[in-house]
Trainee: 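Submitted below is the structure of interest, expressed as structure tokens.
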2 protein chains.
Amino acid sequence: MRIGELASRAKVSTRALRYYEEQGILSSERTPSGQRHYPESAVDRVRLIQQLYAAGLGSRMIASFLPCIDAKQAGPEMIERLRAERARITASAAELEEAGRKLDLLIELAAHPGKRHCPASLDAQSAGGDVAPA
Amino acid sequence: MRIGELASRAKVSTRALRYYEEQGILSSERTPSGQRHYPESAVDRVRLIQQLYAAGLGSRMIASFLPCIDAKQAGPEMIERLRAERARITASAAELEEAGRKLDLLIELAAHPGKRHCPASLDAQSAGGDVAPA
DNA sequence: GTAGAACTTGACGTTGACGTCAGAGGCAAA
DNA sequence: TTTGCCTCTGACGTCAACGTCAAGTTCTAC
């Protein structure tokens, strides 16, 4: 398929697809006239790329990971980087969860004013064990 | 406390603190000579701000939410925006989880080559119900 | 064969959360 | 009073993932 179809099927802009190619994370065949052609699998590939971006990975990191993903193998140094990113994602997910809980609490408080059944605070720490209010 | 102490205690740069003030999400008292002074509570406030940033909220959004957080109340329109952000965070967390699982799978495959006990694929969709390989 | 949609490369613009540098002033200790 | 660190206000720099023109080429449908 050509770039326009891939863009609409993967729900990204054509600009993004060309950018991915620039960054070396998406390849394409070229017709004699220079137009890009993609196989069906490119749709999933683009979605994977989008997901990695959403997980906070940058183009360089993605570019270094994709070959391993395709080959399903990686050297020990690469594995360490994978583990590091995985840890970052885990931490990031925990932060998201907590921010989400705080918003939930606020929504609860704001949507049902007067009902004081939630004694938790909205601010304060997240990993603080220091409890000494007096 | 002055800006330097707050910065080190909240683990952000002084530049960030001044930026927060510019954006109207962190206030300070001023000494006659113009230096900023913060109460103890500013540390938690800054951490809350950091957490909201980490959750993908921008300065404007945070600026609009903080008064509600302080007052523990919000109008119906604001509650809608809170719910919307909460939904965004939930979706974002799900994406993170899935990206994390994919990395886990790759790490597993790469760290223990030859052991083919995980038949799942690394690419492919996340919410696709279309199953028609023929 | 021709209009018009889709494609090409190239290059500058955008946005957000700061980093960084410059020049000037403030403050506590010696 | 001088030393040295802290703070102040601008103001420009940065980086990433694209957006957005511009000007030209190619494909498709009639």
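Numbered from 1 within each chain, the chains take letters A, B, ... in sequence-line order.
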Trainee: Enumerate, atom names and distances included, each donor-acceptor pair closer than 3.5 Å involving a side-chain atom of residues 78-86 of chain B, sequence neighbours excluded.
Mentor:
from    : atom 1 : to       : atom 2 : distance (Å)
B:Arg81 : NH2    : B:Ser64  : OG     : 3.0
B:Glu85 : OE1    : B:Arg88  : NE     : 3.0
B:Glu85 : OE1    : B:Arg88  : NH2    : 2.9
B:Arg86 : NE     : A:Asp104 : OD1    : 2.8
B:Arg86 : NE     : A:Asp104 : OD2    : 3.1
B:Arg86 : NH1    : B:Thr90  : OG1    : 3.1
B:Arg86 : NH2    : A:Asp104 : OD2    : 2.8

Trainee: Assign A:Thr14 to base, sugar-phosphate, or nothing according to its heavy-atom contacts below 4.0 angstrom with the strands shown.
Mentor: nothing

Trainee: Could you tell me how far apart A:Met1 (CE) and D:dC27 (C1') are, to the nearest whole angstrom?
Mentor: 18 Å

Trainee: With a non-hydrogen cut-off below 4.0 angstrom, is A:Ser59 in contact with a base, only sugar-phosphate, or nothing?
Mentor: sugar-phosphate

Trainee: Between A:Glu21 and A:Ser27, is a side chain to side chain donor-acceptor pair (under 3.5 Å) present by the stated rule, with each step listed?
Mentor: CA-CA 6 Å; A:Glu21 189 167 321; A:Ser27 60; over 6 Å; no

Trainee: Protein-nucleotides 2-5 of chain D N/O pairs closer than 3.5 Å?
Mentor:
none

Trainee: What residues in residues 25-41 of chain B put a non-hydrogen atom under 4.0 Å from any atom of DNA chain D?
Mentor: B:Arg30, B:Gly34, B:Gln35, B:Arg36

Trainee: Taking the basic N atoms (NZ, or NE/NH1/NH2) and the acidic carboxylate oxygens, is any pair closer than 4.0 Å for A:Glu40 and A:Arg9?
Mentor: yes

Trainee: Under a 4.5 Å cut-off applied to non-hydrogen side-chain atoms, are A:Leu6 and A:Val12 in contact?
Mentor: no

Trainee: Does CD belonging to B:Glu22 count more than 12 external heavy atoms closer than 6.0 Å?
Mentor: yes

Trainee: Taking for each residue the nucleotide of DNA chain C bearing the nearest heavy atom, is the 5' side occupied by B:Arg2 or by B:Tyr53?
Mentor: B:Tyr53

Trainee: Which whole-number value in Å describes the distance from A:Gln50 CD to D:dA17 P?
Mentor: 11 Å

Trainee: Less than 4.5 Å apart, any side-chain heavy atom of B:Arg30 and any of B:His37?
Mentor: no

Trainee: Begin with the C-alpha distance, continue with both residues' side-chain angles, and end with the deciding distance and a verdict on side-chain contact (heavy atoms from CB on, under 4.5 Å) for B:Leu48 and A:Lys102.
Mentor: CA-CA 10 Å; B:Leu48 173 60; A:Lys102 285 183 180 175; 4.0 Å; yes

Trainee: A:Tyr53: which residues meet the ring-ring contact (aromatic ring centres under 6.0 Å, His included) condition with it, sequence neighbours left out?
Mentor: A:Tyr20

Trainee: Check A:Tyr38 against A:Leu26 and note the closest heavy-atom contact, atom names and distance.
Mentor: CE2-CD2, 4.0 Å

Trainee: With side chain to side chain donor-acceptor pair (under 3.5 Å) as the criterion, how do A:Gln35 and A:Arg2 come out once you've worked through the C-alpha distance, each side chain's angles and the decisive distance to 0.1 Å?
Mentor: CA-CA 8 Å; A:Gln35 294 204 347; A:Arg2 291 192 295 171; 3.2 Å; yes

Trainee: Check each residue of residues 15-23 of chain B for a non-hydrogen atom within less than 4.0 Å of any atom in DNA chain C, then write out the ones that pass by number, or none.
Mentor: B:Arg15, B:Ala16, B:Tyr19, B:Tyr20

Trainee: Check A:Leu66 against A:Arg45 and note the closest heavy-atom contact, atom names and distance.
Mentor: CD1-NH1, 3.4 Å

Trainee: Any non-hydrogen side-chain atom of B:Arg36 less than 4.5 Å from a side-chain atom of B:Glu29?
Mentor: no

Trainee: Identify the heavy atoms of A:Ala74 and B:Ala110 that sit nearest to each other, and give their distance.
Mentor: N-CB, 3.6 Å

Trainee: Of all nucleotides in DNA chain C with an atom under 4.0 Å from a non-hydrogen atom of chain B, which is the first and which the last going 5' to 3'?
Mentor: C:dA17 to C:dC27

